[in-house]
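Before any comments, here is the structure.
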Amino acid sequence: MTLRLYDTAARAVRDFVPLEEGRAGVYVCGLTVQSEPHVGHVRSAVNFDVLRRWLTTSGYDVTFIRNVTDIDDKILVKAGEQDRPWYNLAYDMQRELDRAYDALHVLPPTYEPLATGHIPEMLQLIEALIERGHAYAAEDGSGDVYFDVQSWPSYGELTRQKVDDMEAAADADPRGKRDPRDFALWKGHKPSEPTTASWASPWGRGRPGWHIECSAMAGKYLGEAFDIHGGGVDLRFPHHENEQAQSRAAGHPFASYWMHNAWITTSGEKMSKSLGNSLLVPHVLERVRGIELRFYMVSAHYRSTVEFSFEALAEAAQGFQRIEHFLERALAAVDADELAAVRSAGRKLRIEFIEAMDDDLGTPAAVAVIYDLVREGNRLLAGDPGADPEDRLVETLVQVELMLGVLGLDPAHPHWSTDSTNDLTGVVDALVTGLLEQRAAARADKDFATADLIRDQIKAAGVTIEDTPTGPKWSVE
RNA sequence: GGUGGGUUGGCCGAGAGGCGAGGCAACGGACUGCAAAUCCGUCUACACGGGUUCAAAUCCCGUACCCACCUCCA
């Protein structure tokens, strides 16, 4: 069984064959840090985090690069509107983004390059393109440098478009362009823009075009040829098409596989920045925990559009809590030494889970495998004692832990430890325990009215009581 | 105009020629003093119209509606 991935360029699921055995180089387009991240942005990060984790689990030595675009038109415009330096805005938003990634346990990439830190690499690439006759400096003195689309016959190959069918850029102030579809590699400095947003180049001061950044950074950290390039569907054109064109025109084979995650939509439409604050990550995290939001995203396939709703999110959270609940109960029921022994013995993942993940990261099917095991485990917990050899429960528990871990969803992982608990646990425990003792006394006297009253009061405070064979347990809702 | 994707049960969400994905909700049962949690069971769906096939949600043709990209976008 080998890993198969959907390759946008081939428009088909293909066996993953790395350039170098045992290693995988992945480049994912990160964000332009111009505003706070919403759930859609984070979906991409979660999807590719799952890819990264699965590659690692499968034994690959993964180099995972995700960039930050920290200079571009919008950053300059927004910073201008807010009357602050553009680099301050970009840095602020970058930190917001980091917080959002962290809240969803998106692992830090191997390295996260900034566009502004790689100007020399970009200039080098642009010069190579000019030498090879695939780029030219505008003759209007603007200092712009463009990629010459007509000079590269396979332009459009990634998205199967013919140059002649493409609509010319509407903004096309044709200026120094030879063809309206030519795109900027380098943008000459404009007097209206801050000088801090410009760098010296053979064509005068200026700043890089968007597409060249990724080509330069991918090349620097992954080499001229690497395995997987990812990003959101919208990036296929023009961004990824242009990246590929300019990299290949410069003589670099570039990416072997192209992967694109689908959107999270609202009301059937793409989530755009004009939607306001309701879907910003911190806002959504007021309603559910980070691990629940991650579970919601992982429950859908990365290439399927997800219609976001708080109802669906709450449902997912509900479902996840059932898994967590099983974990808690099993952990309490199982012999600690035996558990430790089984854990350290290094169990293999269930074949159904592996097959699901190998099939183009079939996380929905993988989650279904987890639920099947949770049910199995619950049955063992509920059922005929004596009939069950306890090690089956231990095995089931460890399997569930393993699978959740692969998906970045193990609630026991230290990363999530601040998520649900807080310093008041001890205080609440003392209070609730006192009340539970009163309830127990009432129940012993068959005074159920009083017992239920106490339970209702506790519940009203947001604490749920569960009677177990070993006595009542409480948990905060 | 060109390109890519979608329409699945009350809801979410997989699958991609034959074996009832899974979850949430609801209902019935077991358990419980009653609950909660858990288990068992019920709810047999694939936009529409044709076609291919022993067999179609899945393939083919057509229709309708929706979304995305071709301008910044995860």
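Letters go in sequence order (proteins before strands), and every chain restarts at 1.
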Item to check | Donor-acceptor pair (no angle test) under 3.5 Å: A:D452 side chain, B:G33 base | outcome: yes
Checklist entry - Taking N and O atoms by type only, does the side chain of A:R160 place a donor or acceptor under 3.5 Å from a partner on the base of B:G2? => result no
Item to check | B:G33 base stacked by A:F448 (centroids within less than 5.5 Å, tilt under 30°) | outcome: yes
Next on the checklist: Give me the distance, rounded to whole Å, that separates B:C65 from B:G49 when you measure between the C1' atoms they each carry.
Outcome noted: 15 Å
Every protein N/O within reach of nucleotides 40-42 of chain B N/O, cut-off under 3.5 Å:
{"residue": "B:C40", "atom": "OP1", "partner": "A:R379", "partner atom": "NE", "Å": "3.1"}
{"residue": "B:C40", "atom": "OP1", "partner": "A:R379", "partner atom": "NH2", "Å": "2.7"}
{"residue": "B:C40", "atom": "OP2", "partner": "A:R375", "partner atom": "NE", "Å": "3.1"}

Item to check | A:Y111: partners by ring-ring contact (aromatic ring centres under 6.0 Å, His included), with sequence neighbours left out | outcome: A:Y221
Checklist entry - Which parts of nucleotides 8-20 of chain B does protein reach within less than 4.0 Å, heavy atoms only, written one letter per nucleotide 5' to 3' as B for base, S for sugar-phosphate only and - for none? => result ---BSSS------
Item to check | Secondary-structure string, 5' to 3', Watson-Crick or G-U under 3.5 Å, | for another-strand partners, for RNA chain B | outcome: (((((((..(((.....[...))).(((((.......)))))....(((((..]....))))))))))))....
For nucleotides 58-60 of chain B, list the nitrogen or oxygen atoms of the protein found under 3.5 Å from its nitrogen or oxygen atoms, one pair per line.
none

Next on the checklist: With a 4.0 Å cutoff (strictly under), does any side-chain N or O of A:N378 reach OP1 or OP2 of B:C39?
Outcome noted: yes
Checklist entry - Do A:R322 and B:A37 share a donor-acceptor pair, side chain to base, under 3.5 Å? => result no
Item to check | Sugar-phosphate, base or nothing in reach of A:G231, heavy atoms under 4.0 Å | outcome: sugar-phosphate
Would you mind writing out the side-chain donor-acceptor pairs for residues 313-324 of chain A within the sub-3.5 Å range, not counting sequence neighbours?
{"residue": "A:Q321", "atom": "NE2", "partner": "A:E292", "partner atom": "OE2", "Å": "2.8"}
{"residue": "A:E324", "atom": "OE1", "partner": "A:R289", "partner atom": "NH2", "Å": "2.6"}
{"residue": "A:E324", "atom": "OE2", "partner": "A:R289", "partner atom": "NH1", "Å": "3.0"}
{"residue": "A:E324", "atom": "OE2", "partner": "A:R289", "partner atom": "NH2", "Å": "3.4"}

Checklist entry - Rounding to the closest angstrom, what is the interatomic distance between B:G6 and B:A16 at atom C1'? => result 14 Å
Checklist entry - If you measure from the P atom in B:U52 to the same atom in B:A57, how many Å do you get, rounded? => result 16 Å
Next on the checklist: Would you call the rings of A:F147 and A:Y155 parallel, tilted or perpendicular, taking 30° and 60° as the class edges?
Outcome noted: tilted
Item to check | Sugar-phosphate, base or nothing in reach of A:F237, heavy atoms under 4.0 Å | outcome: sugar-phosphate
